[in-house]
Q: 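Let me give you the structure first, and then I'll get to my questions.
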Amino acid sequence: MTVTRFAPSPTGYLHIGGLRTALFSWLTAQHNKGEFLLRIEDTDMARNSEEAKDAILKAFEWVGMSHDGEVVYQSKRFDLYKKYIDQLLEEGKAYKCYMSKEELAALREEQMAKKERTRYDGRYRDFDGTPPEGIDPVIRIKAPQEGRISFKDGVKGEFSVEATEVDDFVIARADGAPTYNFVVAIDDALMGLTDVIRGDDHLYNTPKQIVIYNALGFALPNFYHVAMINNEQGKKLSKRDGATDVMDYKTMGYLPEALLNFLVRLGWSHGDQEIFSLEEMINLFDPNDINKSSSNYNLDKLLWLNAHYIKEASDEKLITLLKDFGVDLEGNEKASIILTATKERGKTLVDLAEQVKLLTVAPESYDEKSAKKAFKGEAKEILSTFADMLALAQPITKEAYHAVMEKIVEEKEIGFGKIGMPLRVSLMGSMTGAGMDEVMAILGTDETIKRIEKAIATI
RNA sequence: GGCCCCAUCGUCUAACGGUUAGGAUCCAUGGUUUUCAUCCAUGUUAUAGGAGUUCGAGUCUCCUUGGGGUCACCA
């Protein structure tokens, strides 16, 4: 059975790039009817935070990517890691290193001065003398000293490094706490991972983890190292490039399906297809099809996708979503007609909420340019006559309102714009928006007349 | 700096070594719409540069350039 995972460290919010690799992992699991596990990498007690962990979990909930089984916390597995450290020590595959941090720093500086690669020199690898006083040793793994460490990567292809590139790295700190590369290898193996899909910033951790897999006799999973997402200039994505926190997208009025559709197309494609439902993604996704090159983040496409998913969304769904944006249409008998009049005009839920408010809340003021253009000449008189005609006709449907408009155009022998423009500004405050007949049907006769009279008073 | 990875329209991407280098987005223009938006149609824009292999290179090789990653008792 296919088992994949996402393994964030709880030091901040869920990053948009992290969500993409998580999505790739999740899709791989779903496609193969396998499992997608979640593991919190909280071995660094100093940097962890409970809030960060909750924020990550919340983001997953929002996008609807559920994980299988219980969330695994590395901080609760220290006994387990300790057992493996002791085992390696016993088998002579790991050893205690008494080098102080100062000595290590000095060594590093020396190597840098000689423009060499900085690496531990293995001085305690075969040490059997008397250890120096007052130093709590770290535990280092005996990494191979010659040959190459190689593996097949599903994205990058065959990948290998010189064994000399991997030094005897620390697997347990002086205080006994295990380190990242050590616990990742153990957990990935013990949790039964078949496919490890992660950012390619982990590419160089893989040889280290392979050293651990080999020392402990674990079978290797398949590795997929996905290239990073950069900003539009091809530079590393930072906060200055806009939102990097997944939950910011919720605040900005994006639908999770739009965000996921956007992300799945970064580094992956299926012919000319742009729109993917979750089901289609699951059916079509294969991590072996992930592109090697990094991709750049660009908001245009996300906005386009979001507009698409808003147009597709059902009224019930939009009613629920809009509640977070200050608009409550629950129980409003005109909800449906309001949404059909507005949903094509909003690229985000924020936009959509504004459009809805234009209809449900009378304009406070009139856009200066629009008013100047619309409230001139005989506009005042036309509006007044129109209000009278409405009061008399008491139309209800959109068609009935349209008939009244046609009537005034005919009787006064004017163009449609002569009534349309001033009416629009009176009702909406500016010259844009939904069809007038639609708007009036939503407002109702009383409210329409009220807004017209208010406008007339300002002319 | 050492080691490694990457390179097609502005952006996301497609193209058994053989296509007029395709689609989407963006932008522009036109149509529909009394307006805006939607929708539809049309158009502009790309194989980073240089060698080589080949009858034939976006695709294979090498160099250059550019970008990225990584070199912790962080994860």
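Numbers restart at 1 for each chain; the letters A, B, ... are given by sequence-line order, proteins then strands.
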Q: Taking the side chain as every heavy atom from C-beta outward, state whether A/Phe6 and A/Ile40 have any pair of such atoms under 4.5 Å apart.
A: no
Q: Taking only side-chain N and O atoms of A/Arg345, does any of them lie within less than 4.0 angstrom of OP1 or OP2 on B/rU38?
A: no
Q: Apply ring pair (Phe, Tyr, Trp, His ring centres under 6.0 Å) to the pair A/Tyr95 and A/Phe127, showing each step before the final yes or no.
A: CA-CA 9 Å; A/Tyr95 60 94; A/Phe127 181 75; 9.8 Å; no
Q: Send over the distance from A/Asp167 CG to B/rU70 C1', rounded to a whole Å.
A: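 So the two atoms are 13 Å apart, to the nearest Å.
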Q: What is the separation between atom NE2 on A/His308 and atom P on B/rU25, rounded to the nearest whole Å?
A: 11 Å
Q: Do you know which two heavy atoms are closest between A/Val211 and A/Ala143, and how far apart they sit?
A: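 Here A/Val211 and A/Ala143 meet closest at CG1-CA, 4.1 Å.
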Q: Can you identify which nucleotide, out of B/rU25, B/rC73, B/rC3, has its nearest atom closest to the A/Thr179 side chain?
A: B/rC73
Q: Side chain of A/Asp201 only, heavy atoms from C-beta on: which candidate in B/rG69, B/rA37, B/rC73 is closest?
A: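 Closest nucleotide among those given: B/rG69.
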Q: In whole Å, what is the span from the CG atom of A/Asn230 to the C1' atom of B/rA7?
A: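 Spelled out: CG on A/Asn230 to C1' on B/rA7 is 12 Å.
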Q: Centres of the A/Trp268 and A/Phe24 rings: under 6.0 Å?
A: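 Between A/Phe24 and A/Trp268, which both carry aromatic rings, the centre distance is not below 6.0 Å.
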Q: Any strand is fair game: report the nucleotide pairing with B/rG2 by Watson-Crick or G-U wobble, both distances under 3.5 Å, or none.
A: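 Across any shown strand, B/rG2 pairs with B/rU70.
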Q: Using a heavy-atom cut-off of under 4.0 Å over every strand shown, decide if A/Thr432 touches base, sugar-phosphate, or nothing.
A: base
Q: Please list, pair by pair, any protein nitrogen or oxygen found under 3.5 Å from a nitrogen or oxygen in nucleotides 46-48 of chain B.
A:
none

Q: Generate the contact string for nucleotides 8-20 of chain B. Rules: B means base contact, S means sugar-phosphate contact only, - means no protein heavy atom under 4.0 Å.
A: --SSBSS------
Q: For the rings on A/Tyr366 and A/Phe375, is their centre-to-centre separation under 6.0 Å?
A: yes
Q: Report the relative orientation of the aromatic rings in A/His225 and A/Phe151; use parallel for angles under 30°, tilted for 30 to 60°, perpendicular for over 60°.
A: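 Because their plane-to-plane angle is over 60°, the rings of A/His225 and A/Phe151 count as perpendicular.
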Q: Would you classify A/Ala434 as touching base, sugar-phosphate or nothing, given that sugar-phosphate means primed atoms plus P, OP1 and OP2, and contacts are heavy atoms under 4.0 Å?
A: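 It contacts base atoms.
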Q: Could you check A/Thr4, A/Ile282, A/Asp286, A/Leu23 and say which one makes a side chain to side chain contact (heavy atoms under 4.5 Å, CB included) with A/Thr28?
A: A/Thr4
Q: I need the CD-P distance between A/Gln111 and B/rG2, as an integer number of Å.
A: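 Roughly 16 Å, once rounded to whole Å.
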Q: So does A/Arg123 pair up with A/Asp121, basic N to acidic O under 4.0 Å?
A: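 Looking at A/Asp121 together with A/Arg123, the answer is yes, because their closest N to O distance falls below 4.0 Å.
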Q: Quick one: label A/Val170 by what it contacts on the DNA or RNA (base, sugar-phosphate, nothing), any heavy atom closer than 4.0 Å.
A: sugar-phosphate
Q: Does NZ or CZ of A/Lys76 lie under 6.0 Å from the centre of the six-membered ring of A/Tyr73, at an angle within 45° of the ring axis?
A: yes
Q: Return the nearest nucleotide to the side chain of A/Arg424; candidates are B/rG67, B/rA37, B/rU35.
A: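 The answer is B/rU35.
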Q: Can we say A/Arg148 and A/Glu162 salt-bridge, meaning some charged N sits less than 4.0 Å from an Asp/Glu carboxylate O?
A: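 Answer for the salt bridge query: yes.
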Q: Less than 4.0 Å between a side-chain N and a carboxylate O, is that true for A/Glu410 and A/Lys407?
A: no
Q: Could you give the CD1-to-C1' distance, from A/Ile290 to B/rC6, as a whole number of Å?
A: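 A/Ile290 atom CD1 is separated from B/rC6 atom C1' by 15 Å.
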Q: Mind checking who B/rU45 pairs with, Watson-Crick or G-U wobble, both distances under 3.5 Å?
A: none
Q: Does A/Ala227 reach a base, just sugar-phosphate, or nothing at all? Heavy atoms under 4.0 Å.
A: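 No contact at all - A/Ala227 keeps every heavy atom at 4.0 Å or more from the nucleic acid.
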Q: Relative to A/Tyr120, does A/Arg140 satisfy both conditions: NZ or CZ under 6.0 angstrom from the six-membered ring centre, and within 45 degrees of the ring's axis?
A: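 Positive - A/Arg140 is close enough to the ring of A/Tyr120 and near enough to its axis.
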Q: NA contact type, A/Met99, heavy-atom cut-off 4.0 Å: base, sugar-phosphate, or nothing?
A: base
Q: The side chain of A/His202 lies closest to which of these nucleotides: B/rC5, B/rA75, B/rG69?
A: B/rA75
Q: Are A/Lys301 and A/Glu274 ion-paired here, with the side-chain N under 4.0 Å from a carboxylate O?
A: yes
Q: Does a salt bridge link A/Arg39 with A/Asp188, judged by any charged N lying under 4.0 Å from a carboxylate O?
A: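 Counted as a salt bridge, because a side-chain N and a carboxylate O are separated by less than 4.0 Å.
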Q: Does A/Asn205 get its side chain close enough to the base of B/rA75, under 3.5 Å, for a donor-acceptor pair?
A: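 Side chain to base: pair found, below 3.5 Å.
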Q: Of the nucleotides B/rU34, B/rC5, B/rG69, which has the atom closest to the A/Met436 side chain?
A: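 The closest nucleotide is B/rU34.
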Q: Considering every strand shown, what is the Watson-Crick or G-U wobble mate of B/rU54 when both distances are under 3.5 Å?
A: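 Because no pair has both required distances under 3.5 Å, B/rU54 counts as unpaired.
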Q: In whole angstrom, what separates A/Lys208's NZ from B/rC71's C1'?
A: 8 Å
Q: Indicate, with a heavy-atom threshold strictly under 4.0 Å, whether A/Lys292 touches base, sugar-phosphate, or nothing.
A: sugar-phosphate
Q: Are OP1 or OP2 of B/rU38 and a side-chain N or O of A/Lys311 less than 4.0 angstrom apart?
A: no
Q: Report all interatomic pairs (protein N or O, nucleotide N or O of nucleotides 58-62 of chain B) with separations under 3.5 Å.
A:
none

Q: Identify, between A/Lys236 and A/Gly346, the residue whose nearest nucleotide on RNA chain B lies closer to the 5' end.
A: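 Whichever sits nearer the 5' end wins; that is A/Gly346.
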Q: Using whole Å, what does the distance between atom P of nucleotide B/rU38 and atom CH2 of A/Trp304 come to?
A: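 Whole-Å distance recorded here is 13 Å.
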Q: Measure from NZ on A/Lys343 to C1' on B/rA37 and round the result to the nearest Å.
A: 14 Å
Q: On RNA chain B, compare the nucleotides closest to A/Phe159 and A/Thr43; which residue's is nearer the 5' end?
A: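 Its nucleotide being nearer the 5' end, the pick is A/Phe159.
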Q: Using both distances under 3.5 Å as the test, list the Watson-Crick or G-U wobble partner of B/rC39, or none.
A: B/rG31
